[in-house]
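Hydrogens, waters and symmetry mates play no part in the numbers below; they use all other heavy atoms, side chains included. Just so we're on the same page: letters track the sequence lines, and every chain starts at 1.
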Amino acid sequence: MINITLPDGSIKQFEAGVTALDVAKSISEGLARNVLSATIDGEIKDLSMPITNDCNLKLNTWNDEDGKHTFWHSSAHLMASAVQALYPNAKFGIGPAIEKGFYYDIDFGEDVLREEDFAKIEKKMTEIVQQGVKLVRKEVSKQDALDYFGSKNEQYKVELIEGLEDGKITFYESGDFTDLCRGPHLSDFSPIKAFKITSLAGAYWRGDEHNKQLTRLYAISFPKKKELDEYLQMLEEAKKRDHRKLGKELELFAFSQNVGQGLPLWLPKGTELRKRLENFLAKVQKQYGYVQVMTPHIGNVNLYKTSGHFQKYGKDSFQPIQTPQEGEEYMLKPMNCPHHCEIYRLMPKSYKDLPYRVAEFGTVYRYEMSGELHGLTRVRSFTQDDAHIFCTQDQIKEEFCKVIDIVLYIFKTLKFENFTAQISLRDPNNKEKYIGTDEVWDKAENAIIESVAEKGLNAVTETGEAAFYGPKLDFMVKDALGRSWQLGTIQVDYNLPERFNLEYIGADNQKHRPVMIHRAPFGSMERFVAVLLEHTAGEFPLWLTPDQYIILPISEKYEQYAKQVGQTLNMADLRGTIDNRNEKTGKKIRDAEIKKIRYMLIVGEKEEAEGLVSVREHLKGDLGAMKMEDFAKLVQEEVRKELE
RNA sequence: GCCGAUAUAACUCAGUUGGUAGAGUAGCUGAUUUGUAAUCAGCCUGUCGGGGGUUCAAGUCCCUCUAUCGGCUCCA
C-alpha cells in the first residue's frame, strides 16, 4: 500500500500501481469525469500513469492552469493530426500550449497555407474527435526515435531528438499521427468539444531568424462550446479598448502615410493630456532633486562613436545626415545619455555635487523594423521621460531605491496594479555581446538585486536580457489583448562614464569616476499613454482627462448663461466646452456620454435664474443642481484626491 | 526585415459571376426652441491606397509599390 497526500493535506491509501484516474474515481464520479491531468510531486503526468510510491497528488481540471495546459497541449496534437491528414508532406516543428491556447509550427513545404484553409482543418479535427481517437504514450530509445522520424523525413523532430538524452524519450500516438512529446496528455480527444484556429503567422525555427520560417497556426480550445463563444466575445470587447481605436475616437493622436510610418501626430487633446503627465512627473522629480535640461534632436556622429551606440546600432539607425559645406555627419538622436554626459563634463564636479540628476523629456528617433511598428507602443519617434543620475559608487543603491519609489508612486497614482518587475542580467555564455569588464558588470548586477530586495519588490530575473552596456530593472504592464509592454526602466551603467571620461574630485582630493543610472518611469510618453488608454478604456482620471465638463444649454436662449458658466469654471482652472448646437438635450447628453466626458452641466431657465448648474455624471446620471462655484470646488477636490 | 491578411466618403461599413459606386454617422442649410442616451426635411461628400497590366469594359482579375492588422525576429 502507498500513501497519497492530496492538496487539502488528507492522506489516502491505495495499492501501488494505482492511477491518478483511479484516485479521482475514489473521490467522486464528477471529478473523474472532469480531471484532465495529475500533478505528482510537482510534475504534471498522464492520468493513466501508474503510481508506485508515496507522493503528493493534485488532480487538475479545467479550473487549474496545469489542467488547461494539458488540455491545450493535447489540442495541439489534435490540430497536428488533422494537418497531417490533409497535408501529407507537412513537416512538424513544435506545438506547445501557451498562456491562451496553443500553436503548432509546421513546414508546409511548397504549399502555402491561407486563412481560408482554417475551416477545412477544423472540420478534420471534428472528425478525428468523433472517431474516438486515443492518445497513447510510448517510451522509445533514442535510436528508434531517430529511425522513426528519419524515415519520415521529419527533419525538425530529428533535430529535437538529437538534443535529448537516451532513455527519456516518449512518443504520443493519436491514430495515424505520432509525435515526439514529453506529455502529459488527455487519454483521448473527446473532452475537446470546441476549438477555433485563430491566426496564422510565420515563425522562425527555434526562434532564430537565420533558420527557415515555418507556418505557425494559433488556436484555442475549450471543453464547452459556450466557453469558446464567451472567449471570442471577450476578445471583441478587448478590441474596443485598443488604444489605436480610442486614440482616434477621442482625437488624441493620429498617423499619416504622408508623414511616415511610426511617426505619431499628437493632436491638441492628446498633447494637453501628455503635457499634464509630463508636468506631473516633473513636479515629482523636482521634489527628488532633479534638474531639467533640453538638448538638440541631432548630434555629431562622433558623440555616438564615443558612447558606443554607433558601433552597436549605427547600421540599423536612420543614417547620419551631412552638413553641406564641411561634410560632417550628424545622427538623429537615438539616446539622450551622450548629451547628458556632455552636460556633466562642462564643469568640474566635486563629490559635493553628487548625486547630479539631469532630466529631460527628450525626443529620440530609432529605426524600428517596419513589421514591428504598433500604434503608439512601438514607434520611430518617441519622447522618453529620461534622466541620468551621476553618483558615487556608495550612492548607487540609495539612488536606485529612490527611482523605484518614483515608479511605484506613479503606478499607484494611475492605478497600474498588475505590473511585473523584471531584472535583466547579461548572458554569461555570450559575453562578447556586451561592453565592459566582468568586474563592473558584477558590481552593477549586485546593486540592482540588492535594491530590489531592499524595496521588497517581487521581480523575476532574466539572464541574457540586459542592455549591451549594463543590467536593468524593467516594469512591464499588459495591454488590452494581454500583450506585455515595458514601461518604466532603471539601468545601472559603468560604461558611459568610462567612455566619456567622466570624473569628480572626492573628499580625498583625488579624481574618481562617477557611476551613471539611466531611468525613465513612464518609459516613453507614447507607450505610456497607449497603455494608460487601454487600462482606463479612455475613462481618464479627472486630473488628466482632456475635457472635465461640457455645458449643455437647453436651447439657444441660454447660450449667454452657458458662456458665463464657462468663464467662471475657466477662472477656477477647470477645463471644458459648450455644446451650443441646435439639438435637443437628449442628443447632447448622448454625444457627451459617448465622448466619455465626465460631467455634463445642463443649464436652462431654472439654472439661469438661480446661478446653478444641473450636473450629470458620466455613466452615473443626474447629480442634481448646484451652484457653479460648488461644482468647481467638487472638481478641484476630486483632482486633489486623485493626486495625493 | 520575414509569413499571412487588409486597404471603398471625415468615421463605421455594403458593393453578387468584371458593365464607370451605396448606407448609416459626421458636416452644411432650413424648420423646430427643445430638461437627462439619437427632432424632422433637404443638400454635399469619393483619383475605390499609388502606379502599371489584362479586357470593348476593372472597386472587382494579374503585377508592383505604400500603409495598416495578426504573429516571428528585433527593441540602445
Side-chain angles (χ1 to χ4, degrees), chain A residues 103 105 108 112-118 198-218 239 242 244-245 248-249 251 255-262 304 307-314 316-317 333-338 364 366-375 377-379 384 435 465-470 472 474 481 483 485-486 489 491 493 495-496 518 527 552-559 581-594 600-607 614-625:
Chain A
Y103 67 79
D105 283 349
F108 284 88
V112 177
L113 199 74
R114 297 172 200 285
E115 284 171 14
E116 62 203 43
D117 301 319
F118 290 179
T198 48
S199 68
L200 162 170
Y204 300 106
W205 170 238
R206 300 203 136 175
D208 186 336
E209 65 177 321
H210 304 293
N211 286 341
K212 178 159 185 185
Q213 196 165 51
L214 309 184
T215 302
R216 176 171 297 178
L217 284 172
Y218 281 94
K239 279 183 193 158
D242 190 313
R244 293 165 295 191
K245 184 173 157 64
K248 191 187 273 183
E249 285 170 6
E251 296 171 34
F255 290 88
S256 159
Q257 217 181 112
N258 298 324
V259 174
Q261 54 176 169
Y304 303 102
S307 71
H309 291 106
F310 183 78
Q311 293 85 325
K312 186 80 184 169
Y313 292 103
D316 306 317
S317 296
K333 178 166 74 173
M335 288 289 282
N336 302 302
C337 29
V364 296
R366 296 180 185 175
Y367 178 79
E368 305 288 358
M369 286 196 290
S370 61
E372 271 309 328
L373 301 173
H374 181 98
T377 50
R378 196 77 187 269
V379 284
Q384 296 177 314
I435 55 179
E465 291 293 310
F468 76 91
Y469 57 74
K472 56 182 181 170
D474 291 327
L481 289 174
R483 292 172 291 213
W485 296 97
Q486 179 214 304
T489 181
Q491 315 181 354
D493 186 350
N495 294 303
L496 277 189
H518 308 245
R527 183 174 289 180
L552 312 179
I554 294 289
S555 81
E556 282 171 12
K557 288 192 245 169
Y558 312 105
E559 255 182 54
R581 290 175 305 165
N582 183 2
E583 292 287 353
K584 295 175 86 164
T585 308
K587 169 71 167 168
K588 292 184 183 183
I589 287 173
R590 179 183 154 79
D591 288 347
E593 289 281 355
I594 289 169
M600 286 150 274
L601 306 178
I602 295 142
V603 297
E605 188 179 353
K606 184 181 75 188
E607 288 79 8
S614 283
V615 183
R616 178 191 164 101
E617 186 171 356
H618 174 55
L619 298 176
K620 289 197 177 145
D622 197 352
L623 300 186

Dot-bracket summary - RNA chain B, pairs being Watson-Crick or G-U whose distances fall under 3.5 Å, with | when paired to another strand: (((((((..((((.....[..)))).(((((.......))))).....(((((..]....))))))))))))....
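- Checking Gln261(A) against Ser370(A) by side-chain atom types alone, no donor-acceptor pair falls below 3.5 Å.
- Separation of the Tyr204(A) and His210(A) ring centroids does not fall under the 6.0 Å cut-off.
- Nearer to the 5' terminus of RNA chain B, by closest-nucleotide assignment, is the contact made by Lys248(A) (compared with the other of Lys248(A) and Ser614(A)).
- Residue contacts shown for Arg366(A) include a base, since a base heavy atom lies under 4.0 Å away.
- Between Arg378(A) and Glu368(A) a salt bridge is recorded (basic side-chain N to carboxylate O distance below 4.0 Å).
- Residue-to-nucleotide proximity on RNA chain B shows that, of Tyr558(A) and Asp316(A), the 5′-proximal contact is made by Tyr558(A).
- Under 4.0 Å is where a charged nitrogen must lie from a carboxylate oxygen, and between Glu593(A) and Arg616(A) at least one such pair does.
- In terms of polar N and O atoms assigned as donor or acceptor, the side chain of Tyr367(A) never comes within less than 3.5 Å of the base of rG1(B) in a complementary pairing.
- Per the stacking criterion (ring centres < 5.5 Å, plane angle < 30°), Tyr313(A) stacks onto the base of rA76(B).
- At the heavy-atom level, Ser370(A) lies under 4.0 Å from base atoms of the strands shown.
- Distance check on atom C1': rG15(B) versus rC48(B) gives 11 Å, rounded to whole Å.
- Checked against the 6.0 Å centroid criterion, the rings of Trp485(A) and His374(A) qualify as a close aromatic pair.
- One P atom belongs to rC72(B), the other to rC56(B), and the distance between them is 48 Å to the nearest Å.
- Residue Arg483(A) is in sugar-phosphate contact alone, with no base atom involved, counting any heavy-atom pair closer than 4.0 Å across all strands shown.
- If you take atom C1' in rA7(B) and the same atom in rU60(B), they sit 14 Å apart, rounded to whole Å.
- Judged by distance alone, with hydrogens and angles left aside, Glu116(A) brings no side-chain donor or acceptor close enough to the base of rG4(B) to form a pair under 3.5 Å.
- Nucleotide rA76(B) holds its P atom 9 Å from the NZ atom of Lys312(A), rounded to whole Å.
- When heavy atoms are screened at a 4.0 angstrom cut-off, Gln486(A) is found touching no nucleic acid atom at all.
- A salt bridge is defined here as a Lys NZ or Arg NE, NH1 or NH2 lying under 4.0 Å from an Asp or Glu carboxylate O, and Asp591(A) with Arg581(A) meets this definition.
- Comparing rG24(B) with rU45(B), their P atoms sit 15 Å apart, to the nearest whole Å.
- Lys557(A) comes within contact range of the sugar-phosphate backbone alone, with a heavy-atom separation under 4.0 Å but no base atom that close.
- Residue Gln213(A) is in base contact, counting any heavy-atom pair closer than 4.0 Å across all strands shown.
- Residue contacts shown for Lys239(A) are absent, as no nucleic acid heavy atom lies under 4.0 Å away.
- Using a 4.0 Å heavy-atom cutoff across all strands shown, Arg216(A) reaches sugar-phosphate atoms only and no base atom.
- Between the side chains of Tyr218(A) and Arg216(A), a donor-acceptor pair is found at a separation under 3.5 Å.
- Residue contacts for His374(A): at a heavy-atom cut-off of 4.0 Å it reaches the sugar-phosphate backbone alone, with no base atom in range.
- Between the side chain of Arg114(A) and the base of rC3(B), no donor-acceptor pair under 3.5 Å is found.
- Residue Gly621(A) is classed as having no contact, given no heavy-atom separation below 4.0 Å to the nucleic acid.
- Taking atom C1' in both rU12(B) and rA26(B), one finds a spacing of 11 Å when rounded to whole Å.
- Ranking rU68(B), rU36(B), rC72(B) by closeness to the Tyr218(A) side chain, first place goes to rC72(B).
- Lys312(A) contributes atom NZ, which lies 12.5 Å from atom OG of Ser307(A) (distance to the nearest 0.5 angstrom).
- Side-chain to base pairing of Arg581(A) with rA26(B): no donor and acceptor N or O lie closer than 3.5 Å to each other.
- The residue Glu556(A) sits close to a base: some heavy atom pair falls under 4.0 Å.
- Below the 3.5 angstrom threshold, one finds no donor paired with an acceptor across the side chain of Glu209(A) and the base of rC2(B).
- In this structure, of rU66(B), rG4(B), rU36(B), it is rU66(B) that holds the atom nearest to the side chain of Gln257(A).
- Here the separation of rC3(B) from rC65(B), taken at their P atoms, is 12 Å to the nearest Å.
- Distance check on atom P: rA21(B) versus rG49(B) gives 15 Å, rounded to whole Å.
- For the pair Asp208(A) CG and rC2(B) P, the interatomic distance rounds to 17 Å; values are reported in whole Å.
- Within the 4.0 angstrom heavy-atom criterion, no nucleotide atom of any strand lies near Phe255(A).
- Across rA76(B), rU34(B), rC3(B), the shortest atom-to-atom separation from the side chain of Ala201(A) is found for rC3(B).
- At the heavy-atom level, Gly371(A) lies under 4.0 Å from base atoms of the strands shown.
- One finds no salt bridge joining Asp208(A) and Arg206(A) here, because no Lys/Arg side-chain nitrogen approaches an Asp/Glu carboxylate oxygen to under 4.0 Å.
- Rounded to a whole angstrom, the distance from the C1' atom of rU33(B) to that of rC40(B) is 14 Å.
- With rA76(B), rU32(B), rC74(B) as the candidates, the nucleotide lying closest to the side chain of Met369(A) is rC74(B).
- Side-chain N/O atoms of Arg378(A) and base N/O atoms of rC75(B) include a donor-acceptor pair closer than 3.5 Å.
- Among the heavy atoms of the strands, none lies under 4.0 Å from Tyr103(A).
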